[in-house]
Amino acid sequence: LTAVASDHYPWLPVGLLLQHRMDPAEELKAVQTPVALITGEHDTIIRSARADSLRRAVPNLVSFRTIGGAGHNDIYHMPAFREAMRQAMADILSLPDGSAALVPL
C-alpha cells in the first residue's frame with residue numbers, strides 16, 4: 001500500500017502517514033491455495049508495473065489476465081471480467097488435489 005500511495009503522491013511521506021502495512025506480495029507467499037489475478041488495462045490506481053510485480057511474486061499463481069479497456073473501478077461491469085473469473089475458477093478446479101503450490105505459470 002505504501003508503494004502504491006508513493007506512486008500517486010511522490011512528494012508526500014506516505015510511509016510515515018500510513019498506520020497499516022499491506023504487502024500483498026509478501027502475504028501471498030504464505031498462501032497455500034491457488035491464486036488468480038485479474039487486472040484492468042487502464043487501472044490508474046494499481047498500475048500495471050505493480051500488478052506485474054505481484055504476479056511475479058506469487059508462487060502458486062494459476063491464472064493471470066488483464067482486461068482490455070478496464071479501469072480499477074469499472075472492471076466488474078465488463079463481460080470480459082466475468083469470463084476471466086469463470087476461466088480462473090476452471091483453471092483452479094482443474095488442478096489435481098494438493099498441487100496448487102507446484103503449478104508454474
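Positions are given from 1, in the same order as the sequence printed here.
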Return yes when atom CE of Met78 has more than 12 non-hydrogen atoms of other residues, nucleotides or ligands closer than 6.0 Å, and no otherwise.
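Enclosed.
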Quick one: does [X]'s side chain have a donor or acceptor within less than 3.5 Å of a partner on [Y]'s backbone?
X     : Y     : answer
Asp91 : Ser63 : no
Asp43 : Ser48 : no
Glu41 : Gly69 : yes

Applying side chain to side chain contact (heavy atoms under 4.5 Å, CB included), run through Phe64 and Thr39 and close with a yes or a no.
CA-CA 8 Å; Phe64 178 79; Thr39 65; 3.9 Å; yes
Between Thr33 and Ile92, is there a side-chain heavy-atom distance shorter than 4.5 Å?
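Result no, sub-4.5 Å side-chain heavy-atom pair not found.
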Which atom pair, heavy atoms only, marks the closest approach of [X] to [Y]?
X     : Y     : answer
Gly40 : Thr66 : C-CG2, 4.0 Å
Ile46 : His72 : CG1-CE1, 3.7 Å
Ile75 : Ala70 : CG1-CB, 3.7 Å
Ile67 : Ala80 : CD1-O, 3.5 Å

Would you please test Ser53 and Arg56 for side chain to side chain contact (heavy atoms under 4.5 Å, CB included) and show each step?
CA-CA 5 Å; Ser53 178; Arg56 288 189 301 273; 4.0 Å; yes
From CG (Asp52) to CZ (Arg47), nearest 0.5 Å
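That separation rounds to 14.0 Å.
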Checking Leu54 against Leu37 for the side chain to side chain contact (heavy atoms under 4.5 Å, CB included) test, could you report, in this order, the C-alpha distance in whole Å, the side-chain angles of both residues, the deciding distance, and whether it holds?
CA-CA 9 Å; Leu54 181 61; Leu37 296 176; 4.1 Å; yes
